[in-house]
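Everything below concerns the one structure shown next.
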2 protein chains.
Amino acid sequence: MVFNDNYSSPDQLVAAVKETGPNLDIYRQLFDCILEQRLAPNTKLNEQDLAQVFGVSRTLIRQSLQRLAAEQVVVMHKNRGAYVAAPDFIVAQQILDARELIELAVVDLACGSLGAQEIEALKLMITLEQEALDQGDTGTALRRSGEFHLRLAQAAGNQPYVHMLRGLISQTSLIIAMYGQGGNTCARDEHNELIAALVVGDKSLSSSLMRHHLAHIRTGCDFNRRVNSGSLAMVLR
Amino acid sequence: MVFNDNYSSPDQLVAAVKETGPNLDIYRQLFDCILEQRLAPNTKLNEQDLAQVFGVSRTLIRQSLQRLAAEQVVVMHKNRGAYVAAPDFIVAQQILDARELIELAVVDLACGSLGAQEIEALKLMITLEQEALDQGDTGTALRRSGEFHLRLAQAAGNQPYVHMLRGLISQTSLIIAMYGQGGNTCARDEHNELIAALVVGDKSLSSSLMRHHLAHIRTGCDFNRRVNSGSLAMVLR
DNA sequence: AAAAACATTATTGTATACAATAATAGCTCA
DNA sequence: TGAGCTATTATTGTATACAATAATGTTTTT
């Protein structure tokens, strides 16, 4: 049980979180903070500090933390609080394996059965993602990329797939945030190609593209990179 | 808490699983109530009433409801409260499809790689399940059957599979509670055969057995059966 | 000086109090 | 009568207060 107690001071926590606007709900703000590593892996998430930062009571903080814990983006220890998750190499592989399993099942369902409206929505997601990337907002880009995959699952029509994928995407985002090295700008083209193959109804091509797309996540990561907790939390503009 | 614990010895496991009565936590009690249909599908779960019934504050009730909602066993509507989920035919099929996907992946991992200790634990689960069935405690039997599958996933070693399966098993249990007709007493033999095939390392047999096992869930259900929603009063015994 | 026991503080866990929203009942008026 | 409006009640949503547990620091003892 590794408690990394390079616990950032409350001031760091405050600074890390204040970036985001007050209009988003707590869960989303916390999530984005984690994706952008303003809250680094293993960082302790003190409830009172967070409550003050967000200007709400601990009640809402706890709710958000519990939801994040359900998605395994944070880990909660009884009577010891919540910490930003830090999946190691092994677990990261398991997460990516699981995601591939689900995504391939989604592709199987969605192939050839996408409606015109859904296709439009998916293309819009791609545009939005690229937009964020162009502005250097990697956190938002990461989230929107996830939203693209999630929307695809919704179009496929299997409810549990959507639900499971939501959690897996969250964790994948965390993995990319931890180990990624920024060389993932090919994402838009890959998404576009995938959509094209799905629309045409080419099942084997679609599967292949999805497999490669997910493989690129793996190759875009350096799992040897030791992610130090706390120190990166100060990186903010 | 219920499924999450790693038991180091069979004795601890027995104690943990067998425990009954007022010491169980709220989540589990609520869950059991739902499985036994003392809380029927679509029943509104009034927080204050539940708090009084269980002798705790709404805080703990809300926590449990949120967890159940995360597992999609209850549905929450903003400002309108929580209701016992009632998956219709379509969604039920989707749930069972999703479960099959995960369980087959689990079998693939577990086949030939089970340790002696894990095998023992699994066999114990089977015994406990049968014990509950013999006593006519179908709710407990249902839950323990789920715990068997979950433990198998744990033995397989992929963390996300365990997590996803937990939710799917909960929902499957709900489906069986809603549509099942009690003809599922073959479960023990099926579980035993599965374990045998996994130990031997026969992959295709293991997969086949798992597929059939899950198929039996489907055939054991009558999806035309209209389930009438009950009230909270039934929890009061 | 080191270790153990105690006291103090900080943090999480739970209950209660208050606010906001939805549901309901009782009017008013056509 | 009944449709629509208002007042009342019930229920959920949020904040605060209190309790239990863990972390920390200090003293005592050897």
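Below, read A as the first sequence line, B as the second, and so on, with proteins coming before strands; counting in each chain starts at 1.
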message: Measuring from the side chain of B:Val56 (C-beta onward, heavy atoms only), which nucleotide among D:dT12, C:dA15, C:dT12 has the closest atom?
response: C:dA15
B:Glu100: salt bridge (Lys or Arg N to Asp or Glu O under 4.0 Å) partners, not counting sequence neighbours: B:Arg218
- request: Could you say whether B:Thr59 or B:Gly81 is positioned toward the 5' end of DNA chain D, judged by the nucleotide with the nearest heavy atom to each?
  value: B:Gly81
field: Reported CD-to-CG distance for the pair B:Glu129 and B:Asp134, which is rounded to 0.5 angstrom
entry: 10.5 Å
Set out, line by line, the N/O atom pairs under 3.5 Å between protein and nucleotides 17-22 of chain C.
| residue | atom | partner | partner atom | Å |
| --- | --- | --- | --- | --- |
| C:dT21 | O3' | B:Asn79 | ND2 | 3.3 |

- request: In whole angstrom, give the distance that lies between atom CD of A:Gln63 and atom C1' of C:dG13.
  value: 15 Å
- prompt: Are B:Lys44 and D:dA10 close enough that a side-chain N or O sits under 4.0 Å from OP1 or OP2?
  reply: no
message: Quick test of your reading of the model: are B:Arg143 and B:Glu147 salt-bridged, counting only N-O distances below 4.0 Å?
response: yes
- line: dist B:Phe54:CZ -> B:Gln29:CD (nearest 0.5 Å) comes out at 5.0 Å
message: Measure CG/B:Asn46 against C1'/D:dG13 and give the value in whole Å, please.
response: 14 Å
- prompt: To the nearest Å, how far apart are B:Ile61 CD1 and D:dT11 P?
  reply: 15 Å
query: C:dA10 C1' sits how many Å from A:Leu50 CG, rounded?
result: 15 Å
- prompt: Out of A:Asn158, A:Ile102, A:Leu101, which one pairs with A:Met164 under the side-chain contact (heavy atoms from CB on, under 4.5 Å) rule?
  reply: A:Ile102
field: Between P of D:dT14 and CD of A:Gln52, the distance in whole Å
entry: 20 Å
task: Evaluate the ring planes of B:Phe223 and B:Tyr179, with Trp represented by its six-membered ring, and classify them as parallel (under 30°), tilted (30 to 60°) or perpendicular (over 60°).
output: tilted
Whole-Å gap separating P (C:dT9) and CD (A:Gln48): 16 Å
task: Take atom CZ of A:Arg62 and atom P of D:dA15, then tell me their distance rounded to the nearest Å.
output: 14 Å
- request: Using the salt bridge (charged side-chain N to carboxylate O under 4.0 Å, His left out) rule, take B:Glu71 and B:Arg166 through it: C-alpha gap first, then chi angles, then the decisive distance, then the call.
  value: CA-CA 8 Å; B:Glu71 288 176 359; B:Arg166 178 177 297 126; 5.3 Å; no
query: Quick one, which residues of residues 64-74 of chain A touch DNA chain D with a heavy atom under 4.0 Å?
result: none
message: Before you tell me yes or no, could you show the steps for A:Tyr27 and A:Gln66 under side-chain hydrogen bond (donor to acceptor under 3.5 Å, both in side chains), namely the whole-Å CA-CA distance, both residues' side-chain angles and the distance that decides it to 0.1 Å?
response: CA-CA 10 Å; A:Tyr27 160 80; A:Gln66 278 162 5; over 6 Å; no
- prompt: Which is it for B:Gln63 and A:Arg62 under the side chain to side chain contact (heavy atoms under 4.5 Å, CB included) test, yes or no, and what are the steps along the way?
  reply: CA-CA 10 Å; B:Gln63 264 181 225; A:Arg62 281 176 74 84; 4.1 Å; yes
- prompt: Quick one: B:His77 NE2 to D:dG13 C1', roughly how many Å, whole number?
  reply: 17 Å
